[in-house]
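Quick note: residue numbers are just sequence positions, from 1. Below, each value reflects all heavy atoms present in this structure, side chains not excepted, and no hydrogens, waters or symmetry copies.
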Amino acid sequence: MTPTLHNDRLLRALLRQPVDVTPVWLMRQAGRYLPEYRATRARAGSFMTLCQTPELACEVTLQPLARFPLDAAILFSDILTVPDAMGLGLSFSEGEGPQFARPLRSASDIDRLGVPDPEVELRYVMDAVRLIRRELAGQVPLIGFAGSPWTLATYMVEGGSSKDYARIKALSYDQPERLHRLLTVTTEAVTAYLNAQVAAGAQALMVFDTWGGILTPRAYRAFSLTYMARIVAELPRAAEGRPVPVILFTKGGGAWLEDLAATGCDAIGIDWTVDLGAARRQVGARVALQGNLDPTALYATAPVIRQQVAQLLDDFGPGPGHVFNLGHGIQPGIDPDRVRALVEAVHDLSAPLHTGGRA
């Protein structure tokens with residue numbers, strides 16, 4: 001029997017339904033800024049072991065909820081688990097970030113790619129989702145996620161992180177049909193992965209398009225937006241008797257809010273370079289908005305953080321459809337007490353904006 005969801009603010013806000021206060025969760029809320037995370041990571045021995053051990057992934061997913069009154073848990077994993085399951089050989093080197101042992105260097109490399117079975121090659125992720133849902137016991141909803149096809153493709157072609165994206169951009173200009181083949185199979189893999197997360201218990205989904213903002217407007221629509229729209233169209237819109245909201249987030253994607261809203265997603269994540277009030281006026285009631293405090297604001301003192309929260313809440317204005325978040329992930333050096341100040345400020349200051357809302 002599915003436990004009752006005691007706090008459904010996040011799900012309601014993503015669907016633009018009334019809430020009592022603005023819900024808040026944070027990208028990378030389970031991460032290196034928490035000493036308990038660092039202890040678990042050391043016990044695991046490697047980041048990959050941490051991701052691939054459901055009990056440890058569950059442990060770190062729940063750690064921030066034990067500290068802060070957050071309104072959601074987000075699955076602890078990595079966007080690159082999908083290309084790893086496609087055979088590229090993912091590893092993480094300290095100080096260098098992710099690396100693939102077998103990056104895509106030829107048409108035959110792309111043609112060999114297949115769609116992994118989420119309950120086989122990615123079973124450890126699905127087991128983590130099931131375990132987290134059980135341990136949450138209905139406390140807050142669980143967000144599942146994946147990287148966008150374009151973002152995954154950049155890592156798969158570059159072989160890891162990149163400063164200039166020379167290989168993937170050269171591919172987009174010289175051999176766009178080859179890139180479209182890669183994006184098509186990656187879209188199928190991401191769609192299957194997200195569907196499996198919902199079947200395992202994820203109650204909302206987010207697609208991280210981390211590198212969409214490096215593209216020209218025409219290239220963004222061709223190589224990123226089109227494929228995210230395909231994913232949205234193939235996702236289950238309900239499970240366990242209630243809707244499963246979908247959030248799309250393109251870092252640096254402020255110019256394309258209306259295009260994102262037209263995909264059929266429920267919410268758009270925006271980074272700190274976008275004016276929240278202007279974004280709300282632009283998309284109207286078509287989608288909810290998630291964001292968008294500058295992550296470096298958490299280096300400030302608690303009173304300044306509270307002031308910044310108040311400003312963003314005022315920018316969005318009264319009524320439903322806002323999920324408070326950072327414009328990107330928490331920096332590793334942040335003091336956890338500053339995160340507490342942020343979360344408490346959001347709940348405290350947003351209450352007057354939601355008269356008559358449901359908890």
Side-chain angles (χ1 to χ4, degrees), residues 2-3 5 8 10-11 14-15 25 27-30 48 50-62 65 70-86 90 115-149 151-152 185-210 227-249 263-267 269 290 323:
T2 303
L5 185 56
D8 67 349
L10 173 85
L11 302 183
L14 291 173
L15 297 170
W25 72 275
M27 288 184 272
R28 293 199 201 121
Q29 65 188 26
M48 289 297 290
L50 189 58
C51 289
Q52 293 175 345
T53 307
E55 294 77 14
L56 296 180
C58 176
E59 182 179 320
V60 295
T61 297
L62 300 181
L65 299 176
L70 294 156
D71 294 298
I74 182 165
L75 166 69
F76 181 82
S77 187
D78 192 88
I79 62 170
L80 299 181
T81 56
V82 170
D84 181 52
M86 296 170 84
L90 176 64
V115 176
D117 185 334
E119 287 290 356
V120 179
E121 290 91 346
L122 289 160
R123 177 65 180 264
Y124 63 91
V125 178
M126 304 311 141
D127 285 344
V129 171
R130 286 184 277 263
L131 182 57
I132 295 164
R133 273 298 304 273
R134 186 167 73 244
E135 293 299 314
L136 280 172
Q139 178 186 351
V140 294
L142 174 62
I143 303 168
F145 72 92
S148 73
T151 292
L152 298 186
V185 68
T186 307
T187 296
E188 293 172 3
V190 169
T191 301
Y193 183 55
L194 290 173
N195 276 308
Q197 288 185 42
V198 173
Q203 294 154 293
L205 296 171
M206 184 162 172
V207 177
F208 286 86
D209 186 32
T210 310
Y227 292 97
M228 288 195 291
R230 288 187 192 179
I231 291 169
V232 171
E234 295 296 324
L235 293 177
R237 304 321 294 261
E240 302 176 27
R242 67 184 305 154
V244 178
V246 179
I247 310 159
L248 298 183
F249 172 62
T263 62
C265 67
D266 299 288
Q290 177 176 278
V323 172

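- Here the side chain of Q197 pairs a donor or acceptor atom with the backbone of F145 at under 3.5 angstrom.
- Here the side chains of E188 and Y227 are not in contact, with every heavy-atom distance at 4.5 Å or above.
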Between I247 and D266, is a side chain to side chain contact (heavy atoms under 4.5 Å, CB included) present by the stated rule, with each step listed? CA-CA 6 Å; I247 310 159; D266 299 288; over 6 Å; no

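- Here the closest heavy-atom approach between residue S77 and residue V125 is recorded as OG-CG2, 4.1 Å.
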As a quick check of understanding, evaluate side chain to side chain contact (heavy atoms under 4.5 Å, CB included) for L5 and Q203, giving each step before the final call. CA-CA 10 Å; L5 185 56; Q203 294 154 293; 4.1 Å; yes

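- Every residue meeting the side-chain hydrogen bond (donor to acceptor under 3.5 Å, both in side chains) condition with R130, not counting sequence neighbours, appears here in chain and number order: E119, D127.
- Distance alone, capped at 3.5 Å, is enough to place a donor-acceptor pair between the E121 side chain and the D117 backbone.
- Residues Y124 and T81 have side chains that never bring a donor and an acceptor to within less than 3.5 angstrom of each other.
- Closest of all the heavy-atom pairs between A72 and L10 is CB-CD2, 3.7 Å.
- The side-chain heavy atoms of P236 and V244, taken from C-beta on, include no pair separated by under 4.5 Å.
- Nearest heavy-atom pair, A73 versus L65, reported as atom, atom and distance to 0.1 Å: CB-CD1, 3.6 Å.
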Under the criterion side chain to side chain contact (heavy atoms under 4.5 Å, CB included), I'd like the reasoning laid out for M206 against F249: C-alpha separation, chi angles, the key distance, then a yes or no. CA-CA 7 Å; M206 184 162 172; F249 172 62; 3.4 Å; yes

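- A donor-acceptor pair under 3.5 Å links the side-chain atoms of T151 to the main chain of T210, judged by distance alone.
- Here the straight-line distance linking atom OG1 of T61 with atom CD1 of I143 works out to 11.0 Å at 0.5 Å rounding.
- Between V198 and A239, the closest heavy-atom pair is CG1-CB, 3.7 Å.
- With contacts defined as side-chain heavy-atom distances shorter than 4.5 Å, the pair L90/P83 does not qualify.
- Distance check: N195 CG to T191 OG1 gives 7.0 Å after rounding to the nearest 0.5 Å.
- Taking CG of L152 as the reference point, atom CE of M86 lies at 8.5 Å (rounded to 0.5 Å).
- Note: L70 CG to Q29 CD = 4.5 Å, rounded to the nearest 0.5 Å.
- Contact annotation: the side chain of L62 approaches that of C58 to within less than 4.5 Å [non-hydrogen atoms, C-beta and beyond].
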Given side chain to side chain contact (heavy atoms under 4.5 Å, CB included), test L248 with D209 step by step and report yes or no. CA-CA 7 Å; L248 298 183; D209 186 32; over 6 Å; no

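- For the pair D71 (side chain) and W25 (backbone), a donor-acceptor distance under 3.5 Å is absent.
- Atom CG of residue D78 and atom SG of residue C51 lie 5.5 Å apart, to the nearest 0.5 angstrom.
- Expressed to the nearest 0.5 Å, how far CZ of R134 lies from CG of L142 amounts to 13.0 Å.
- Here the closest non-hydrogen pair linking V232 and C265 is CG1-N, 3.8 Å.
- Within the 4.5 Å cutoff, the side chain of L50 has heavy atoms near those of the F76 side chain.
- The two residues G144 and A202 come nearest to each other via the heavy atoms N-CB, 3.9 Å.
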